[in-house]
Amino acid sequence: MTDNAHNSHLPINPDTVPSFETMTNVATMDTSHVNKDTPPFILVDGSYYLFRTYHALPKMMTTTGQHTNAIRGTLNALLKLMRRYHPTHMAVCFDTRAPTFRHQLSADYKASRPPMDIELSQQIPYLHRLVTALGIPLLRIEGAEADDIIGTLAYRAVAEGHHVVISTGDKDMAQLVNDCVILEDSFTGKITDSQGVVDKFGINPEQMIDFLTLMGDSSDGIKGVPGIGKKTAQDLLNKYGTIDNILQNLADVKGRGAKSLAEHAGDIPLNAQLATIVTDLDIGQDWSDLQLNTDPCAHVDELRALYSELEFKNELASLDHPNHPANGQGSKGVAASQAATEAQAQIEKSLQSTKIDNIKNSKNHDKAWHTILDMPAFDSLIEQLENSAHFVIDTETTSVHWRQAELVGLSFATQAHEAYYIPLAHSLEGDALTTKQLDRDTILSRLKPILENPNIGKIGQHLKYDAHILSRYDIDLLGSIHDKPNNWAMDTMLASYVINAAITRHGMDDLARHYLQTQTISFEDVAGKGAKQVSFDQVAIDIASDYACEDADITYQLFKIFNQKLANDDNNQKLLHELEIPTAEILCQMEAEGILIKRPFLNELSKRFDEEIIVLEQRAYEVAGEEFNLASPKQLGEMLFDKLGVIGGKKTKTGQYSTGEAVLSKIDHPLVDIVLEYRSLAKLKNTYTDALDNVADPITNRVHTSYHQALTSTGRLSSTDPNLQNIPIRTATGRLIRQAFIAPEGRVILAADYSQIELRLMAHFSGDENLTRAFNEGLDIHTATAAEVLGKTVEEVTPTERRNAKAINFGLLYGMSAFGLAKQLQMSRGEAQDYINMYFNRYPSVKEYMINTRASAYDKGYVETILGRKLYTPDINNSNRMVKQAAERAAINAPLQGSAADIIKLAMIAVDKVLPKAQAKMLLQVHDELVFEVDADKAADISKLIKNAMQEVLSTTAVASGWQVDFAVPLLVETDIGSNWDEAH
DNA sequence: GCATCATCTTA
DNA sequence: GTAAGATGATGCG
C-alpha cells in the first residue's frame with residue numbers, strides 16, 4: 001500500500017531523473033554506498049519554521065511596523081544548521097499558495113486550515129530574499145508542497161551518495177527516515193533517526209505511510225480508517241507489517257478494527273496517496289545548483305541591506321565577524337565531524353563574547369536613562385517609586401561577594417526603557433561628577449520606608465544579593481514571608497529557572513540575549529578584565545550610569561516577559577511565588593546567620609594532619625627510591641606502573657595512568673597504602689580544615705556559605721564559598737571536621753533529615769505495592785528489598801545481601817544499568833543483570849516507572865516533579881548513543897531528585913513559619929537535611945515542632961499553596977541533637 | 001593568569 | 001548509574 005502519488009498535474013518529468021524508478025520510497029532505499037564522512041545534505045522545511053516560529057516567538061516589529069519574529073526565528077534555525085554541519089549542499093523549501101494535487105484528490109485536504117495571518121504573510125518575501133542572500137538555494141514549486149520537494153531531493157541525494165539531514169518538525173516526514181536520513185528540528189533541538197521513529201511512533205520508518213493512512217491526520221484533513229487510532233494502527237502494523245498484508249489477513253484481525261477496515265478499505269488508496277510524500281518531482285533545477293554559494297562576498301551587500309531594513313542589529317554587526325556562517329564557511333572544504341563540532345563550539349564561544357567596542361556608542365538615546373545628582377531629581381524619583389505598584393531595584397557594589405561588598409550606587413526602573421541611577425560612592429580620581437554625588441545616608445534613609453513597604457513589589461535579578469547588600473545598611477528588603485502580600489514581586493533569575501532549569505546560565509546578560517535579543521553592556525566593558533579590572537567605585541559615573549540603568553531597564557523588560565509567560569502557566573507561577581521566592585528569602589537569612597566553628601580545634605587538626613602527611617611523604621620516598629610529588633596523579637602513575645613495575649595499570653581518556661581510589665585499592669603494594677592515606681589526609685587538610693579556617697569571619701568565627709538557587713538541572717540547591725554540603729561524614733577521621741561545627745554557649749546543634757526520601761518518592765511515583773508496603777510497615781528498606789528479592793524473611797537477610805540490595809536501590813534512583821551495578825558491586829555484568837531481573841520480578845511497577853519516564857521524556861521533552869516543575873531533557877534524542885543514554889538515566893533520576901528538592905524547600909518554608917526565632921535559627925540545608933542551632937533548654941520541644949512541620953508538609957504548606965499531593969507513603973523525619981554537627985547527625 | 005583534568009567529598 | 005564543588009597539577013598563552 002505504498003503506491004506513490006502519481007498525478008498528471010504534477011510537474012513530473014521522468015527524463016530528468018532517468019535512472020530512478022517511479023516506485024520510490026526513501027525509507028527502503030539501499031544506502032550502502034553513502035559516505036557519512038562528508039557533511040550531510042541539508043534539506044530545510046522552510047514552511048515549518050515559518051509557522052512554528054511565528055506562533056511560538058513573541059511578536060517583534062521594526063520601527064516601521066514590519067513584523068519580524070518568523071524571519072528571525074527561521075534565520076536562527078538556518079544559521080544554527082550551517083554552524084553545526086558546515087554543509088556544502090543545502091536547500092530551503094517552501095510551500096506555495098497554489099493548490100496541489102492533494103487538494104484535487106480530496107476536498108477535505110487541509111480544508112480546516114484558517115487563512116494565513118497578514119502579519120505572517122508579510123514576512124514571507126523578506127524570508128525568501130534572506131535565504132537567497134545567505135547563498136542557500138531556495139525551492140518553491142507550484143503544485144507541490146515543501147514536503148514533496150524535500151522527499152524528491154532526499155531520494156536523489158541518497159542515490160548520489162549523500163547522507164541527509166531534513167530540518168523539520170513535521171512528523172509526516174518520518175516516512176523519509178532511514179539510516180542515512182535523519183530529521184532535526186532546529187527549533188526544539190529534537191533529532192529523529194530510525195530508532196527515534198520507532199521510539200516515537202512504535203513502528204518502523206518504512207511503515208510510516210501505512211501508519212498515517214490507517215490513523216489519518218485531522219490537521220491535514222486525512223480521514224484515516226474510523227475506529228483505528230494510534231494504538232490500533234501500531235498493533236496492526238507490528239503484527240502484519242503492511243496494510244496490504246492486513247487486508248489479506250482480514251479474517252484474522254480481531255476487534256472492531258476489522259469491521260471498520262472492511263467497510264472503509266475503499267478509502268485507503270486515496271488516504272495513502274494523500275499521506276505519501278512524493279519523491280520523484282521534476283524540480284526543474286539543475287542538481288549542481290544545489291550547492292551553497294560559499295563566496296563570502298557574493299551576497300554580502302544584499303544581506304547587509306536586509307539586516308539593516310529588518311533592524312537585525314546583532315546580525316548586522318556579526319557580518320563583519322569572521323565567523324559568520326555567511327562568510328565563506330564552506331570554503332575550507334570537507335570538515336570531519338569532530339572538527340565541525342570543535343569549530344561550532346568556537347563559534348558559539350566567540351558569538352557569546354561578541355563585545356561592544358565603544359560603550360558610548362552603545363547607549364541608545366531613545367531610552368530615557370537618567371543619573372540622579374541633585375535633590376529635586378531624587379525627590380521626583382521618590383514620588384514615582386511611592387506611587388508604583390512595583391519597581392525594579394538593582395544595587396551596584398565593589399564586589400560580587402556579598403560578604404565584602406560595599407554599596408556604590410542604586411538603580412531603579414518603574415517602566416520599560418526608562419531608568420535611574422543614583423551614584424553614591426564613586427571615587428575615580430579626575431571624574432568631575434564624583435563631587436556631585438548625593439549623600440549616601442540621606443538617600444538610604446529616604447528610600448528605607450519604600451524598600452521596606454510590603455505593599456510595593458520589588459523586582460530584581462538575583463534579589464537575594466541585593467537584599468544582602470541593603471541589609472548591611474539596615475534596610476530589610478526581605479520583609480517577612482508570613483504577612484507580605486506583594487513583597488519581592490519578581491526575581492527574574494528565579495523566574496527563568498522555574499521556566500527552564502536545563503538552561504545552564506540565568507545571568508541577566510544571558511536572559512537579555514535570549515529573551516530580548518539584546519547584547520547588554522558587560523561588566524568587563526566598563527570595569528576591564530583580569531588583573532586590570534577595577535571595582536565599580538572606580539568606574540566613571542557617566543559610564544557606570546549607562547551600565548546600571550541598562551541593568552534596571554533590562555530587568556524590567558524581562559519582568560514583563562516572564563509575567564506574561566507565567567500568566568499562562570499557573571503552576572510555574574506557583575513554583576515561583578510560593579516556592580522559590582519564599583525559599584530565597586529564607587536562604588538569605590541562613591547565609592547571613594552563618595554557622596559557628598571551633599577554630600582552635602580545626603587548627604589543631606590541621607597541625608596533626610600536616611605532621612602525618614610529612615611522615616607519609618618520607619615513607620613514600622623510601623619505598624619509591626626517589627622523591628616525587630605524591631599529589632601528582634601523573635607522577636604517581638609513572639612511578640607505580642613504569643618504574644616499580646606494578647601490574648594492573650589502567651589509562652584515563654587522556655592517556656595517563658588512572659590512580660583513582662577504585663584502582664589503587666585493588667593493588668597490593670606498600671606505596672599504595674601510603675598514597676591512599678596521604679590523599680585522605682591531604683584532602684581533609686586542604687579542602688576542609690585549612691579552608692574553613694580561612695573563610696570564617698575573624699570576629700564572629702562563623703562560616704557563611706552562598707546557596708545557588710538557579711543552578712542545578714533538578715531543582716536542588718548548591719553551596720559554595722565554602723561548600724557546606726559536602727562536609728565529610730563517612731570516615732572517623734572525616735567526622736572530626738564535622739565536630740568543628742558547633743553552637744554557641746547555651747545552644748545545641750539540631751539536625752533533621754528526611755529518611756530515604758528519594759526511595760519513598762519512587763514508591764509514590766511507581767505505585768509499586770511491594771515498595772509501598774515496606775515503607776508503610778516501617779521496615780528497613782534495604783533489608784526488606786533483600787528479603788523480597790531473595791524470598792527470605794527479613795531476619796534471614798545477611799549483611800552482604802543487605803549491602804547488595806542497598807546498591808540496587810541506589811542504582812534504581814540513578815537509572816541503573818547492569819554495567820554500573822556490576823562495577824559498584826564488583827561482580828560480573830551477567831550476575832548484576834540476574835540481580836536486576838530478580839528485582840524487577842518482585843517490583844514490576846518500578847520497572848514500569850522507568851519505562852514510562854523514558855517514554856515521557858521522549859514524547860514531551862521533559863519530566864515532572866511532584867510539584868509539577870518541568871525538567872527538560874534536551875539530550876534525550878542526541879545522536880550520540882552515550883549522550884542519549886546518559887540523558888535517559890538523568891530523566892529517570894530527575895523527578896526523584898527534583899521532587900525531593902521541592903519537598904525540602906516546602907519544608908524550609910513550613911519550618912520558618914513556625915520556628916520561634918528568638919530560640920532557634922535555621923542554618924544549613926544539605927539536600928535532605930536541615931541543620932539548626934537552638935536553645936539547649938528548648939531543644940526537645942523545638943525538635944518535635946520541626947519534625948512535625950517537615951513530615952506533614954505535603955498536607956499543610958503544599959496544600960495552602962494550591963498543590964494537591966496524595967502521597968503514597970509516610971514522610972519520615974529523623975532528628976537528633978548534639979553539641980556539634982557530628983553528634984547531631 | 002586561566003582552563004582542563006583527575007581526584008575526592010557530599011546527598 | 002544521578003546531582004553538585006574544591007583542590008592541586010598540568011599545559012597553554
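Everything numeric in this text was worked out from a predicted model, so none of it was measured. In the text below, chain A, chain B and the rest are named by the order of the sequence lines, each starting its count at 1.
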*asked:* The side chain of Arg679(A) is closest to which nucleotide in this list: dA9(C), dT7(B), dT2(C)?
replied: dT7(B)
*asked:* Side chains of Thr733(A) and Thr731(A) only: does a donor on one sit below 3.5 Å from an acceptor on the other?
replied: no
*Name the closest nucleotide to the Gln824(A) side chain, picking from dG1(C), dT7(B), dC8(B).*
dG1(C)
*Of the listed nucleotides dT10(C), dA6(C), dA6(B), the one nearest the side chain of Ser632(A)*: dT10(C)
*Does the Thr720(A) side chain pair with the main chain of Asn723(A), one donor and one acceptor, at a distance under 3.5 Å?*
no
_side-chain N/O Ser718(A) vs dG5(C) OP1/OP2, d < 4.0 Å_ = yes
_Taking the minimum atom-to-atom distance to the side chain of Lys683(A), which one of dA6(C), dT2(C), dA4(C) wins?_
dA6(C)
_If I take atom OH in residue Tyr657(A) and atom P in nucleotide dT10(C), what distance separates them, rounded to the nearest angstrom?_
16 Å
*Measure from the side-chain heavy atoms of Met816(A) and tell me the nearest of dT7(B), dG1(C), dT9(B).*
dG1(C)
_Counting only side-chain heavy atoms from C-beta out, which of dA11(B), dA6(B), dA4(C) sits nearest to Pro633(A)?_
dA6(B)
*Considering only side-chain heavy atoms of Ile729(A), which listed nucleotide, dA4(C), dT10(B), dG5(C), is closest?*
dT10(B)
_I need the CG-C1' distance between Asn726(A) and dG5(C), as an integer number of Å._
6 Å
*Do the side-chain N or O atoms of Arg730(A) get closer than 4.0 angstrom to the phosphate oxygens (OP1, OP2) of dT10(B)?*
yes
_Measuring to OP1 and OP2 of dA9(C), would you say a side-chain N or O of Asn629(A) lies under 4.0 angstrom away?_
yes
_Can you confirm whether the side chains of Gln897(A) and Glu758(A) place a donor and an acceptor under 3.5 Å from each other?_
no
*asked:* dA6(B), OP1 or OP2 - any side-chain N/O from Thr652(A) closer than 4.0 Å?
replied: yes
*From dG8(C), dT9(B), dA11(B), pick the nucleotide closest to the side chain of Ala631(A)?*
dG8(C)
*Going by distance alone, is a donor N or O of one side chain under 3.5 Å from an acceptor N or O of the other, for Asp697(A) and His704(A)?*
no
_Just by distance, no angles: are the side chains of Asp642(A) and Tyr657(A) close enough, under 3.5 Å, to form a donor-acceptor pair?_
yes
*asked:* Check this one for me: any side-chain N or O of Gln635(A) less than 4.0 Å away from OP1 or OP2 of dT10(C)?
replied: yes
